Amino acid sequence: MTVMVPTARPTTPAGDRLVAAAALALSLAMSRWPLRRQITAVRLSRGLPFARRDRLEALYSAVLSVMPSWWPGRIACMETSLATVLATALTGHQARWVLGARFLPDAAHAWAEVPGGAVGRDAGDAVDRPWMPVLAVP
């Protein structure tokens with residue numbers, strides 16, 4: 001007889017989820033803005049110290065954990081990376097919002113990074129077709 005035990009979902013602290021939910025709501029509202037206004041808003045965090053990579057990873061996980069499944073619109077890499085950068089700013093630190101592209105096949109992607117590393121970057125097939133940063137804000 002085989003007993004199936006459900007795997008535990010990784011939990012994030014309630015404070016991180018609260019910040020992530022506010023940042024995701026702000027990110028979804030800002031996604032209706034022109035890109036230049038989104039960039040201007042992200043640049044407001046320019047004077048803050050950079051977050052550590054583990055903190056950025058924790059906030060990225062929190063953003064992914066609060067993403068609603070019922071949302072009728074798009075929540076993809078651009079919205080989640082922007083929410084991660086905004087959540088980092090709400091905690092008093094900064095992270096870069098990076099928009100990038102690659103060739104063969106042509107694709108665009110967005111991720112968040114700090115000097116110690118990046119989160120939200122599709123690393124599965126990036127060895128032979130790396131993502132090239134096109135714009136890094138701030």
Side-chain angles (χ1 to χ4, degrees):
M1 179 169 145
T2 305
V3 178
M4 300 297 287
V5 178
T7 59
R9 286 176 67 186
T11 58
T12 55
D16 284 354
R17 285 196 315 269
L18 182 63
V19 169
L24 185 60
L26 187 57
S27 171
L28 292 174
M30 288 172 61
S31 69
R32 310 274 299 161
W33 298 358
L35 183 60
R36 70 179 183 276
R37 301 227 178 176
Q38 294 176 28
I39 291 168
T40 302
V42 171
R43 282 190 176 147
L44 294 175
S45 69
R46 207 185 302 198
L48 298 173
F50 276 102
R52 294 185 328 268
R53 179 169 182 204
D54 60 336
R55 185 68 184 133
L56 187 66
E57 287 174 352
L59 289 171
Y60 180 70
S61 296
V63 167
L64 294 180
S65 73
V66 299
M67 280 185 5
S69 59
W70 52 264
W71 185 257
R74 168 191 150 106
I75 303 179
C77 61
M78 192 155 178
E79 291 79 15
T80 57
S81 60
L82 178 58
T84 303
V85 170
L86 293 173
T88 306
L90 289 173
T91 60
H93 292 89
Q94 76 167 311
R96 281 188 214 99
W97 186 37
V98 183
L99 307 178
R102 71 175 171 198
F103 298 104
L104 300 173
D106 297 339
H109 191 52
W111 62 91
E113 71 178 16
V114 292
V119 297
R121 197 171 191 171
D122 183 20
D125 57 354
V127 175
D128 58 343
R129 296 176 297 133
W131 292 107
M132 299 299 296
V134 176
L135 174 68
V137 183

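Being a predicted model, the structure only gives us computed values, none of them experimental. The figures that follow rest on heavy atoms only: side chains count, while hydrogens, waters and symmetry mates do not.
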* **Contacts of type salt bridge (charged side-chain N to carboxylate O under 4.0 Å, His left out), residue R17, not counting sequence neighbours** => none
* Asked: Are L56 and L64 co-members of a hydrophobic cluster defined by side-chain heavy atoms under 4.5 Å apart?
  -> yes
* Gap between atom CG of L90 and atom CG of L86 - 0.5 Å precision -> 6.5 Å
* Structure fact -> Minimal heavy-atom distance between V114 and A95, with the atoms involved, is CG1-CB, 3.9 Å
* Hydrophobic side-chain clustering at under 4.5 Å (ILVMFWY, transitive links): who's grouped with L59? Put none if nobody. => none
Would you mind writing out the side-chain donor-acceptor pairs for residues 34-43 within the sub-3.5 Å range, not counting sequence neighbours?
{"unit_1": "Q38", "atom_1": "NE2", "unit_2": "M30", "atom_2": "O", "d": "2.9"}
{"unit_1": "Q38", "atom_1": "NE2", "unit_2": "W33", "atom_2": "O", "d": "3.1"}
{"unit_1": "T40", "atom_1": "OG1", "unit_2": "R36", "atom_2": "O", "d": "2.8"}

* To do: Treating Ile, Leu, Val, Met, Phe, Trp and Tyr as nodes and any side-chain heavy-atom pair under 4.5 angstrom as an edge, say whether L26 and V63 lie in one connected cluster.
  => no
Considering only distance and modelled atom types, tabulate donor-acceptor pairs under 3.5 Å from the side chains of residues 76-85, sequence neighbours left out.
{"unit_1": "E79", "atom_1": "OE1", "unit_2": "R74", "atom_2": "NE", "d": "3.2"}
{"unit_1": "E79", "atom_1": "OE1", "unit_2": "A76", "atom_2": "N", "d": "2.9"}
{"unit_1": "E79", "atom_1": "OE2", "unit_2": "R74", "atom_2": "NE", "d": "3.0"}
{"unit_1": "T80", "atom_1": "OG1", "unit_2": "A76", "atom_2": "O", "d": "3.1"}
{"unit_1": "T80", "atom_1": "OG1", "unit_2": "C77", "atom_2": "O", "d": "3.3"}
{"unit_1": "S81", "atom_1": "OG", "unit_2": "C77", "atom_2": "O", "d": "2.7"}
{"unit_1": "S81", "atom_1": "OG", "unit_2": "M78", "atom_2": "O", "d": "3.2"}
{"unit_1": "S81", "atom_1": "OG", "unit_2": "W97", "atom_2": "NE1", "d": "2.9"}
{"unit_1": "T84", "atom_1": "OG1", "unit_2": "T80", "atom_2": "O", "d": "2.8"}

* Is any side-chain heavy atom of I75 closer than 4.5 Å to a side-chain heavy atom of P68? -> yes
* To do: Verify the cluster assignment for L18 and M67: are they in a single hydrophobic cluster under the rule of side-chain heavy atoms below 4.5 Å apart?
  => no
* Structure fact -> Sorted by chain and number, sequence neighbours left out, side chain to side chain contact (heavy atoms under 4.5 Å, CB included) with A136 holds for R96, V98
* At their closest point, which heavy atom of A58 faces which heavy atom of D16, and how far apart are they? -> CB-OD2, 4.1 Å
* Measure across R121 and W131 and return the closest heavy-atom pair with its distance rounded to 0.1 Å. => NH2-O, 3.3 Å
* Structure fact -> With sequence neighbours left out, the residues meeting side chain to side chain contact (heavy atoms under 4.5 Å, CB included) with Q94 are S45, L48, F50, P138
